[in-house]
Amino acid sequence: MSIRAMNWAMTAAQTVDISAVQRCALFVLAYHHNDKTGLCCPSMLTIGNKCGVSDRSARNAIRALEHVGLVTANERFCATGQAANQYSLFGEPKNKSGRNLRSGTGRNHTTGTENETGRKQRSDERVIYTTGEKTVPALRIVKGARHA
């Protein structure tokens with residue numbers, strides 16, 4: 001356990017807007033950081049178990065921490081395939097929020113441009129235009145049903 005990494009994680013968690021799972025994943029990474037070697041290589045299963053979530057949720061939390069700029073993940077491989085990633089800590093935040101990420105891509109759920117009604121078009125809406133003067137209004141997908 002690295003005292004320097006834990007202090008950095010405490011400060012970093014207060015400066016950016018991240019969820020509780022992301023904060024927990026950051027503390028797990030700081031706990032597993034070795035000051036002498038600089039290595040930090042817990043598996044997703046370890047991160048998930050320590051945070052009390054699935055390894056998929058842990059993976060999403062790590063992606064969000066990468067998006068914010070606090071953590072950098074480097075893939076490692078061994079003879080049998082991929083080993084646990086090596087994480088670099090002590091990053092400076094690039095973004096202020098790790099929330100509302102869709103698959104770690106950094107896009108918010110409500111991004112888009114304004115449509116003809118003046119409201120923002122959501123990313124899950126599609127605008128269909130026809131040739132000529134007539135324009136078909138945007139269609140919204142609501143729980144599998146299509147609404148105009």
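From a predicted model like this one, the values you see are computed outputs, not experimental measurements.
For V28, the side-chain contact (heavy atoms from CB on, under 4.5 Å) criterion is met by C24, H32, I47, K50, C51, not counting sequence neighbours. Every residue meeting the side chain to side chain donor-acceptor pair (under 3.5 Å) condition with S54, not counting sequence neighbours, appears here in chain and number order: S57. Residues that satisfy the side-chain contact (heavy atoms from CB on, under 4.5 Å) test with Q14, not counting sequence neighbours, are absent from this structure.
Placement of L26 and M44 within a single hydrophobic cluster is found when ILVMFWY residues are connected by side-chain heavy-atom separations under 4.5 Å, directly or transitively. Transitive grouping of hydrophobic side chains (ILVMFWY, heavy atoms separated by less than 4.5 Å) keeps V16 and V21 in distinct clusters. Under the 4.5 Å side-chain heavy-atom criterion for ILVMFWY residues, no single connected hydrophobic cluster contains both L65 and V53. Y87 and F90 fall within a single hydrophobic cluster, where Ile, Leu, Val, Met, Phe, Trp and Tyr are joined by side-chain heavy atoms under 4.5 Å apart, directly or via other members.
Judged by distance alone, the side chain of Q86 and the main-chain N or O of R76 form no donor-acceptor pair under 3.5 Å.
Residue G91 comes nearest to W8 through the heavy atom pair N-CZ2, 3.5 Å, listed as atom of the first residue, atom of the second, then distance. Scanning both residues, A13 and R23, for their nearest heavy atoms gives O-NH2, 3.4 Å.
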Exercise. Do L29 and L70 pass the side chain to side chain contact (heavy atoms under 4.5 Å, CB included) test, and can you show the C-alpha distance, the side-chain angles, and the key distance before you say yes or no?
Worked result: CA-CA 11 Å; L29 291 177; L70 296 176; over 6 Å; no
Exercise. After noting the C-alpha distance and the side-chain angles of C40 and N34, does the key distance pass the side chain to side chain contact (heavy atoms under 4.5 Å, CB included) rule?
Worked result: CA-CA 6 Å; C40 178; N34 186 337; over 6 Å; no
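For the atom pair CD of Q22 and NE2 of H67, the computed distance is 10.0 Å after rounding to the nearest 0.5 Å. The CG atom of L89 sits 11.0 Å away from the CE atom of M6 when rounded to the nearest 0.5 Å.
The side-chain heavy atoms of S88 and N74, taken from C-beta on, include a pair separated by under 4.5 Å.
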